[in-house]
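Got a structure here, written out as structure tokens. Questions coming.
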Number of protein chains: 2
Amino acid sequence: MVRKTKEEALETRHTILDAAEAVFYRKGMARTTLADIAEAASVTRGAIYWHFANKGEVFEAMMRRAIDPLEAISEVDYSTSERPLEELRERVLGVIERINSDPRYIRVFAIAMHKSEYVDEMVPVVDQCMECCDRHLLRQEQAFAVARARGDLPASVDPHRAALSLSVMIDGLIASWSLQPDVYSLDLAGGLINCFFYGLKHDACH
Amino acid sequence: MVRKTKEEALETRHTILDAAEAVFYRKGMARTTLADIAEAASVTRGAIYWHFANKGEVFEAMMRRAIDPLEAISEVDYSTSERPLEELRERVLGVIERINSDPRYIRVFAIAMHKSEYVDEMVPVVDQCMECCDRHLLRQEQAFAVARARGDLPASVDPHRAALSLSVMIDGLIASWSLQPDVYSLDLAGGLINCFFYGLKHDACH
DNA sequence: TTGTAGAAACATTCATGAATGTATGTAAAG
DNA sequence: CTTTACATACATTCATGAATGTTTCTACAA
């Protein structure tokens with residue numbers, strides 16, 4: 001009903017994204033209408049259409065807002081690392097712990113993995129969201145390769161397969177975890193990774 | 001345009017489900033309309049409404065047709081098993097191999113896990129589909145417990161956590177696999193499970 | 001054996017509501 | 001006085017489900 005200052009406008013934008021997050025989580029992407037979001041945010045559809053072009057852009061903005069802070073952790077180079085496996089482990093657990101620290105992450109991951117459909121224009125957006133978990137697949141591969149070169153892993157270990165296996169475990173963990181946060185807890189991750197690395201070192205992955 | 005015999009009617013039903021499978025896989029559940037399915041099946045919407053009440057029932061029937069044959073493998077009792085871990089391993093790999101044998105499985109799993117939204121009335125249907133992968137979570141727990149009692153696993157192993165970890169890995173594998181069948185191959189599964197069991201035996205999951 | 005009633009297996013048409021996007025209105029900030 | 005930041009109103013599209021029409025099979029009777 002009233003015009004706002006720029007700061008207030010940015011606040012409404014966040015209000016809209018908060019509402020979208022809640023409604024998406026409850027009803028899923030397809031079944032939530034912009035009217036639902038507007039009602040939850042106590043604004044009109046006009047306000048949403050002012051800030052975003054359509055529902056897809058709302059989703060994208062909601063995701064970006066959540067996962068962009070995670071991106072910073074991704075910058076690594078294992079090539080000169082003294083303990084590549086240790087660093088890899090710490091980094092993966094760091095991301096998971098970070099996700100665990102803010103309930104918002106679990107919600108948006110649940111939306112991206114279970115409450116939206118991986119088709120058409122959603123593919124690149126969801127991809128970016130997932131990549132922030134195992135975007136380092138190449139880097140992981142590097143870590144395993146360096147570890148093998150250093151003699152930390154047996155020569156029979158295939159870095160590519162190892163990285164694939166690791167990201168499978170991470171994706172599975174995040175998927176189960178975001179769906180049932182009370183069943184799957186954070187400490188499963190550490191155990192799984194330890195177990196996997198142990199098996200790798202002893203050449204048990206065949 | 002013509003009336004059919006009972007056999008022909010059942011054939012149209014299968015034709016509709018085939019078409020639904022293809023269109024669901026391409027466009028996702030939400031964006032496919034019954035008109036799409038009808039066109040792909042070369043029938044009219046009226047035909048679909050004759051066989052099914054709505055799109056949800058089409059989905060459910062499509063899923064049932066695919067996963068019901070998998071259910072048979074699920075009946076196990078590890079309590080008297082001599083080699084519970086071996087049997088568990090073989091059973092899990094058996095399911096995965098079965099899935100690998102028919103491209104239909106990969107498609108319906110991709111639909112269930114990535115091309116549909118886990119909300120409302122979809123929850124029980126998708127659950128049933130997922131349970132056929134790790135429906136044995138309780139049975140797995142039993143297998144681990146029996147193995148521990150037999151001394152095949154160290155006493156420090158928690159059967160419940162072990163079963164959770166295993167199903168996380170399986171879910172993650174099926175999820176990645178169904179999304180990119182060319183990237184993730186079947187033989188990753190065996191290695192992962194071996195690696196996990198090895199780590200379990202050597203008490204490395206902490 | 002054949003004729004006929006009824007039901008099964010669809011096709012076609014129609015009415016309705018719901019969601020979208022746009023266009024316009026409006027009040028305050030700059 | 002112009003633009004921002006919305007609110008309101010409107011037109012259009014589209015998917016659904018029901019209602020109805022049509023054709024063929026099946027059962028049963030004569």
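In this text, all values refer to a predicted model and were calculated from it rather than measured experimentally.
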From CH2 of B:Trp50 over to C1' of D:dG17, roughly how many Å is that when rounded to an integer?
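It works out to 16 Å between those atoms.
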
Mind checking A:Thr33 for me? I need base, sugar-phosphate or nothing, with any heavy atom below 4.0 Å counting as a touch.
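Contact class for A:Thr33: sugar-phosphate only.
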
Can you tell me if the side-chain N/O atoms of A:Thr12 get under 4.0 Å from OP1 or OP2 in D:dC6?
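True: A:Thr12 side-chain N/O within range (under 4.0 Å) of D:dC6 OP1/OP2.
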
Measure from NZ on A:Lys6 to C1' on D:dA5 and round the result to the nearest Å.
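From A:Lys6 NZ to D:dA5 C1': 11 Å.
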
Where is the tightest heavy-atom contact between B:Ser178 and B:Met113, given as atom of each residue plus distance?
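Residues B:Ser178 and B:Met113, closest heavy atoms: OG-SD, 4.4 Å.
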
Of A:Gln142, A:Glu86, A:Glu87, the residue whose pairing with A:Ser81 passes side-chain hydrogen bond (donor to acceptor under 3.5 Å, both in side chains)
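Filter result, single survivor: A:Glu87.
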
Euclidean distance, atom CG of residue B:Asn54 to atom P of D:dA18 [Å, nearest integer]:
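The answer, rounded to whole Å, is 10 Å.
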
Using whole Å, report how far CG of B:Leu10 lies from P of C:dA8.
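One finds 16 Å between P of C:dA8 and CG of B:Leu10, rounded.
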
Looking at A:Asp158 and A:Arg148, is any side-chain nitrogen of the basic one under 4.0 Å from a carboxylate oxygen of the acidic one?
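Result for this pair is no, no salt bridge flagged.
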
I need the single residue from A:Lys115, A:Lys27, A:Arg107 that forms a salt bridge (Lys or Arg N to Asp or Glu O under 4.0 Å) with A:Glu21. Which is it?
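Among A:Lys115, A:Lys27, A:Arg107, the one meeting salt bridge (Lys or Arg N to Asp or Glu O under 4.0 Å) with A:Glu21 is A:Arg107.
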
Give a yes/no answer on whether the side chain of B:His51 brings an N or O atom under 4.0 Å of OP1 or OP2 in C:dC10.
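Answer is yes, contact under 4.0 Å.
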
Spacing between B:Tyr49 atom OH and D:dT20 atom P, to the nearest angstrom:
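After rounding, the gap between these two atoms is 17 Å.
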
What is the separation between atom CD on B:Glu7 and atom P on C:dA9, rounded to the nearest whole Å?
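Taking CD of B:Glu7 and P of C:dA9, I get 12 Å after rounding.
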
